[in-house]
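Chain letters run A, B, ... following the sequence lines, proteins first and then strands; every chain starts at 1.
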Protein chains: 2
Amino acid sequence: MSQSRPRIVPEATVARLAVYLRVLAGLADGGRSHVSSGELASAAGVNPAGLRKDLSYLGPCGVRGVGYSISGLRERLTEALGGERSRPCVLVGIGRLGSALADYTGFASRGFQFVGLLDSDPRTVGTEVGGVPVRPVEELEAVVADTQASIGVITTPAEVAQSVCDRLVTAGVRSILNFAPVALTVPAGVDVRKVDLSVELQVLAFLDQQRDGSPPVVASMRTGVSGGAR
Amino acid sequence: MSQSRPRIVPEATVARLAVYLRVLAGLADGGRSHVSSGELASAAGVNPAGLRKDLSYLGPCGVRGVGYSISGLRERLTEALGGERSRPCVLVGIGRLGSALADYTGFASRGFQFVGLLDSDPRTVGTEVGGVPVRPVEELEAVVADTQASIGVITTPAEVAQSVCDRLVTAGVRSILNFAPVALTVPAGVDVRKVDLSVELQVLAFLDQQRDGSPPVVASMRTGVSGGAR
DNA sequence: AACCGCTTGTGAACGCCTGAACAAAGTCGC
DNA sequence: GCGACTTTGTTCAGGCGTTCACAAGCGGTT
């Protein structure tokens with residue numbers, strides 16, 4: 001009966017909202033107070049009409065004839081994306097990629113804090129990354145319980161990713177970011193996003209080859225590439 | 001050889017083909033000779049019908065009533081995705097993320113070799129990552145020319161990403177993988193793929209909040225008409 | 001106070017991708 | 001050799017996301 005979510009926001013839109021928020025952060029330093037949809041869209045690399053539609057999912061955000069209040073829109077977007085409160089995350093698999101992520105300043109500045117680092121290698125356990133000690137993977141459940149982490153990041157080898165995932169879910173984690181090159185199976189109610197770096201490179205290789213082989217066209221849409229100057 | 005592929009392949013399909021190829025590599029160790037579309041799809045985490053459709057873009061690949069020859073399909077996919085030949089890549093921005101990528105074994109095993117590492121920090125220049133020396137970013141054009149690299153990976157701070165991108169394109173790089181949180185502008189004929197780690201986490205945070213049913217969003221905004229009946 | 005230009009918000013068409021049902025084809029068993 | 005089962009390849013419909021185009025609304029100006 002009570003729909004706490006009257007508007008459904010497409011996932012693709014959510015991803016772009018995060019981009020808009022970051023662009024706004026850069027624009028706020030310029031001392032301006034308002035931006036138009038065209039300008040924001042250009043900076044974010046998307047279509048102006050699409051940007052307006054994305055923002056409209058949050059309700060009316062702008063003022064006609066003027067544009068969007070930078071500070072107001074930032075507040076609105078921040079709120080919509082989960083607020084500014086710190087979100088505890090656990091990271092499993094402290095290899096090279098895991099270490100880099102644990103130290104990545106781009107996360108901390110957005111409220112994502114890695115409060116738990118776990119690894120199975122005794123040589124890695126006990127070291128510190130970004131000021132947080134690495135603990136043995138056996139303590140996964142305890143760490144999740146202690147930190148109340150709701151987001152888990154998996155950077156383990158592919159062979160153990162599914163078992164790590166299962167343990168995270170059992171421990172209460174309901175959002176998982178997976179860097180391991182496997183398709184994780186999770187029960188309903190758990191969200192998984194996958195980042196596959198090898199696939200990204202291989203798509204580029206394919207486009208490269210196709211360009212050299214056949215002349216003009218692929219069925220591709222512009223992804224993150226702005227069409228040009230206004 | 002038989003370059004009879006005037007058919008256009010959707011980009012989403014290309015990404016999945018790369019996944020199928022990896023799954024097949026794991027299956028080949030099992031000693032089997034054939035797989036069905038259902039089994040492959042299950043391992044890849046996709047719909048069986050969609051998988052068959054994806055493969056059909058390459059022409060008939062399987063045998064009805066039997067399935068797909070594992071070795072034959074691997075060959076076909078490898079060919080379609082750009083062959084097995086080593087692809088030289090340059091990586092600009094040897095920070096924590098860049099170092100991790102340069103050392104990532106998942107790339108080398110698929111034929112992607114980082115033959116050029118570039119950074120602007122004098123303290124980083126001269127060190128070695130994965131056996132490759134880091135050179136000053138001023139030598140970018142020379143490195144691209146020497147190595148004939150066709151793929152560039154950008155892991156620099158956002159502020160310099162566009163200028164690095166411009167220099168890569170001018171030097172002849174036509175495929176770019178961008179980890180910097182900005183929308184790069186490139187001329188036609190250059191492909192860019194963007195990986196935005198912060199966005200991935202923020203989407204998870206949004207889904208998390210939405211699932212918990214937190215009521216922060218539209219409460220303060222009253223448009224006068226509840227329930228957007230259109 | 002009214003006009004005018006500018007910008008948002010939204011309705012509608014277009015195209016792409018996904019998921020399911022059907023026909024073709026090849027193999028195994030008898 | 002023939003039938004039936006299995007599995008692919010394809011066709012069809014549905015949903016989703018994107019893009020275009022226009023009306024509504026607000027501020028500034030006269």
Side-chain angles (χ1 to χ4, degrees), chain A residues 6-17 19-20 24 32-42 44-70 72-73 76-77 183 203 217-228 230, chain B residues 7-17 19-20 24 32-42 44-70 72-73 76-77 183 203 218 221-225 227-230:
Chain A
R7 300 169 218 266
I8 60 155
V9 183
E11 207 164 300
T13 291
V14 175
R16 283 190 296 266
L17 292 181
V19 175
Y20 305 153
L24 280 172
R32 314 249 314 270
S33 68
H34 289 269
V35 269
S36 67
S37 64
E39 197 172 354
L40 244 184
S42 170
V46 300
N47 186 293
L51 181 140
R52 292 199 295 274
K53 179 158 268 197
D54 284 341
L55 293 181
S56 76
Y57 283 108
L58 309 178
C61 296
V63 181
R64 300 179 187 225
V66 176
Y68 299 92
S69 157
I70 292 181
L73 191 53
R76 182 75 75 99
L77 285 175
V203 170
V217 211
V218 196
S220 70
M221 3 181 251
R222 296 270 171 248
T223 57
V225 184
S226 72
R230 54 193 178 102
Chain B
R7 228 180 303 206
I8 61 160
V9 183
E11 207 165 300
T13 291
V14 176
R16 283 190 296 268
L17 291 181
V19 175
Y20 305 154
L24 280 173
R32 315 250 315 269
S33 68
H34 290 270
V35 269
S36 67
S37 63
E39 197 172 356
L40 245 183
S42 169
V46 300
N47 188 291
L51 181 140
R52 292 199 296 271
K53 179 161 228 167
D54 285 340
L55 293 181
S56 75
Y57 282 108
L58 309 177
C61 296
V63 181
R64 300 178 189 224
V66 176
Y68 299 93
S69 154
I70 292 181
L73 191 54
R76 182 77 75 100
L77 284 175
V203 171
V218 287
M221 198 60 215
R222 283 273 63 95
T223 64
V225 180
R230 30 174 72 195

Requested in this report: Could you pull out all residues at least two apart from B/Arg32 that satisfy salt bridge (Lys or Arg N to Asp or Glu O under 4.0 Å)?
Outcome: B/Glu39
Requested in this report: Using salt bridge (Lys or Arg N to Asp or Glu O under 4.0 Å) as the criterion, list what pairs up with B/Arg52, not counting sequence neighbours.
Outcome: none
Query - Closest non-hydrogen atom pair, B/Ser37 against B/Tyr68 - result: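 Looking at all heavy atoms of both residues, the closest pair is CB-CE1, 3.9 Å.
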**Report entry** Shortest non-hydrogen contact from A/Cys61 toward A/Leu73
**Finding:** CB-CD1, 3.9 Å
**Report entry** Euclidean distance, atom CG of residue A/Leu17 to atom P of D/dG17 [Å, nearest integer]
**Finding:** 13 Å
Query raised in the report: A/Leu51 CG to D/dG17 P: how many Å, rounded?
Result: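 So the two atoms are 17 Å apart, to the nearest Å.
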Please tabulate the protein-to-nucleotide N/O contacts below 3.5 Å involving nucleotides 24-30 of chain C, giving atom names and distances.
from: C/dA24; atom 1: N3; to: B/Arg64; atom 2: NH1; distance (Å): 2.7

Query - Contacts of type side chain to side chain donor-acceptor pair (under 3.5 Å), residue A/Tyr20, not counting sequence neighbours - result: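 Scan of A/Tyr20 (side chain to side chain donor-acceptor pair (under 3.5 Å), adjacent residues dropped) gives A/Asp54.
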Could you list, one pair per line, each protein nitrogen or oxygen that sits under 3.5 Å from a nitrogen or oxygen of nucleotides 19-21 of chain C, together with the distance?
from: C/dA20; atom 1: OP2; to: B/Asn47; atom 2: ND2; distance (Å): 2.9

Residues forming a side chain to side chain contact (heavy atoms under 4.5 Å, CB included) with [X], sequence neighbours excluded:
| X | result |
| --- | --- |
| A/Ser33 | none |
| B/Val66 | B/His34, B/Val63 |
| B/Ala15 | A/Val199, A/Val203 |
| A/Ala183 | none |

Query raised in the report: Do B/Val19 and B/Val46 have side chains that get closer than 4.5 Å, going by heavy atoms?
Result: no
Query raised in the report: So how far off straight is the helix from C/dA1-D/dT30 to C/dC30-D/dG1, going by the axes through five pairs at either end, to 10°?
Result: 10°
Query raised in the report: What nucleotide among D/dG9, C/dG9, D/dG17 has an atom nearest to a side-chain atom of B/Pro60?
Result: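 The nucleotide sitting nearest to the side chain is D/dG9.
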